[in-house]
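Single-structure report; data block below.
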Amino acid sequence: MKNILIIGATSAIAQHTARLYAQSGCRMFLVGRREEALKLLTDDLKARGAVDIDYLDVDLVRLEEHEKVIETAAGFLGNIDITLLAHGILGDQSEEERDFSKAMECLNVNCISYLSLLSILADVCEKQKNGTIAVVSSVAGDRGRQSNYIYGTAKGAVSIYLQGLRNRLYKHGVNVLTIKPGFVDTPMTSGFEKGMLWVGPERIARGIVKAVAKEKDVVYLPWFWQWIMLVIKLIPEPVFKRMNL
Ligand SMILES: NC(=O)c1ccc[n+]([C@@H]2O[C@H](COP(=O)([O-])OP(=O)(O)OC[C@H]3O[C@@H](n4cnc5c(N)ncnc54)[C@H](OP(=O)(O)O)[C@@H]3O)[C@@H](O)[C@H]2O)c1
C-alpha cells in the first residue's frame, strides 16, 4: 500500500489525482489552506477507498510552517512513497507589471513556497532512500511570453530547480518528476475561453499517475504539448519578440 502526500490537495488537478490513488487503497496526507474543503475531500477519498487519511490546513506562503507540514506528514505516513505538489495561482500579468507586490505574490505562491517545501522534502527522501517527488510546473515555464511571464518565471524556476534536484537525488533512489500541463479547465482558468487544446483535470490526473508509475523525469500533459513547446522553443528570438503571444 502506497503512502501519499498531496500538497495543494484541493486544486482540481490534485483532487482528481487523489481520487485515482484512493481507488487503489492507499494512505494519504493532504495539505491545503481551506479546512472545510480538505474535510470534504477527505470524506470523498475515504468513500473511494483511501485506507487511512488525515489533513493539515496551512497557507503555503507561510514558509515558517513548512518544517511542520513535512514533519506532520512524515509522522502520519511513515515512509513517504509519493509526494505531489500542486498548489498555485495564475495571477494577473497586467497588474503584476504595474505593481511589483502583485508579482511577488505570484512568485511566492508558485515558486518560493515550492523551493522551500522541496528543500525540506529532499532531505527526508534522501534519508529514506526511496520515493517519488512529483511537482506540477507548467508549459508556461518553457519560454517567456508577454501575456504571462511572471507566472512563467515562477514555473520556469521550479522546473530548473527540479532538474538539479533530480540530479542530486537519483543516486539515493529518489525519482523527481516535473509535470508540465498545457491548458487545463480548472477554477484557475475559469475566466478563459476554451478551445481545442483544452482538457479536463481528470486527463491530467491520469497522466500524472502513469508518469509516476513509469518513473518518468519530465512529462508534458497531454502528450502533444511536448511537440507544441518544441516548436515554440525553436522560434528564433528576433522572430519571437515580434509575435503577439
Ligand atoms: N489550469 C491550468 O491550465 C494549469 C496549467 C499548467 C499548470 N497548472 C498548475 O496546476 C496546479 C494546480 O492548479 P489547478 O489548475 O488545479 O487550479 P485550481 O483548482 O485553481 O487550484 C489551485 C490550488 O492552489 C491552492 N492555493 C493557492 N494559493 C495557496 C496558498 N497560498 N496556500 C495553499 N494553497 C494555495 C488553492 O487553494 P484554495 O482552493 O484554497 O483557493 C487551490 O487549491 C497549479 O500549480 C497550477 O499552476 C495549471
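Read the numbers this way: they start at 1 and go in the same order the structure lists the ligands and their atoms.
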Task: Residues forming a side chain to side chain contact (heavy atoms under 4.5 Å, CB included) with Val219, sequence neighbours excluded - done: Leu177, Ile179, Ala211, Leu221

- [ ] List, by chain and number, the other hydrophobic cluster members for Met229, where Ile, Leu, Val, Met, Phe, Trp and Tyr join if side-chain heavy atoms come within less than 4.5 Å, directly or indirectly.
- [x]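 Taking Ile, Leu, Val, Met, Phe, Trp and Tyr as members, Met229 shares its hydrophobic cluster with Leu90, Val139, Tyr151, Phe183, Met188, Phe192, Leu197, Trp198, Val218, Tyr220, Trp223, Phe224, Trp225, Trp227, Ile228, Leu230, Ile232, Leu234, Ile235, Val239, Phe240, Met243, Leu245.
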
Open item on the list: Are any of the N/O atoms on Ile13, whether in the backbone or the side chain, positioned under 3.5 angstrom from an N/O atom of ligand 1?
Closed with: yes

TODO: Before signing off on this row, confirm whether Pro181 and ligand 1 have an N or O atom pair separated by under 3.5 Å.
DONE: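 No.
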
Looking at [atom], what's its closest protein heavy atom, distance included?
| atom | answer |
| --- | --- |
| atom 32 (N) of ligand 1 | Leu60 N, 2.9 Å |
| atom 15 (O) of ligand 1 | Thr186 OG1, 2.7 Å |
| atom 10 (O) of ligand 1 | Val136 CG1, 3.2 Å |
| atom 43 (O) of ligand 1 | Thr10 OG1, 2.8 Å |
| atom 12 (C) of ligand 1 | Ala86 O, 3.0 Å |
| atom 22 (C) of ligand 1 | Gly88 O, 3.4 Å |
| atom 8 (N) of ligand 1 | Tyr151 OH, 3.6 Å |
| atom 23 (C) of ligand 1 | Ser11 CB, 3.5 Å |

Side-chain donor-acceptor pair under 3.5 Å between [X] and [Y], yes or no?
| X | Y | value |
| --- | --- | --- |
| Thr178 | Ser159 | no |
| Gln146 | Asn244 | yes |
| Ser113 | His87 | yes |

Task: Option nearest atom 36 (C) of ligand 1 (shortest heavy-atom distance, choices Arg33, Lys155, Met188, Glu35) - done: Arg33

Task: Of the listed options Gln15, Arg34, His16, Glu36, closest to atom 38 (P) of ligand 1 (non-hydrogen atoms) - done: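 Nearest heavy atom to atom 38 (P) of ligand 1 lies in Arg34.
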
Task: Gly182 touching ligand 1 at heavy-atom level, < 4.0 angstrom - done: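 Yes, Gly182 has a heavy atom closer than 4.0 Å to ligand 1.
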
Is it true that, when you exclude [X] itself, more than 12 heavy atoms of the residues, nucleotides or ligands shown sit nearer than 6.0 Å to its [atom1]?
| X | atom1 | result |
| --- | --- | --- |
| Glu67 | CD | no |
| Lys233 | NZ | yes |
| Lys129 | NZ | yes |

Proximal atoms of ligand 1 relative to [X] (non-hydrogen, under 4.0 Å):
| X | result |
| --- | --- |
| His87 | 24 (O), 25 (C), 26 (N), 34 (N), 35 (C), 44 (C), 45 (O) |
| Asp59 | 30 (C), 31 (N), 32 (N) |
| Val109 | 28 (N) |
| Ser137 | 7 (C) |
| Thr189 | 1 (N), 2 (C), 3 (O) |
| Tyr114 | 45 (O) |

For the atom pair [atom1] ([X]) and [atom2] ([Y]), what is the distance rounded to the nearest 0.5 Å?
| X | Y | atom1 | atom2 | answer |
| --- | --- | --- | --- | --- |
| Ile89 | Glu105 | CD1 | CD | 4.5 Å |
| Tyr55 | Ile53 | OH | CD1 | 10.5 Å |
| Thr83 | Ile133 | OG1 | CD1 | 6.0 Å |

Task: salt_bridge(Lys46, Asp54) N-O dist < 4.0 Å - done: no

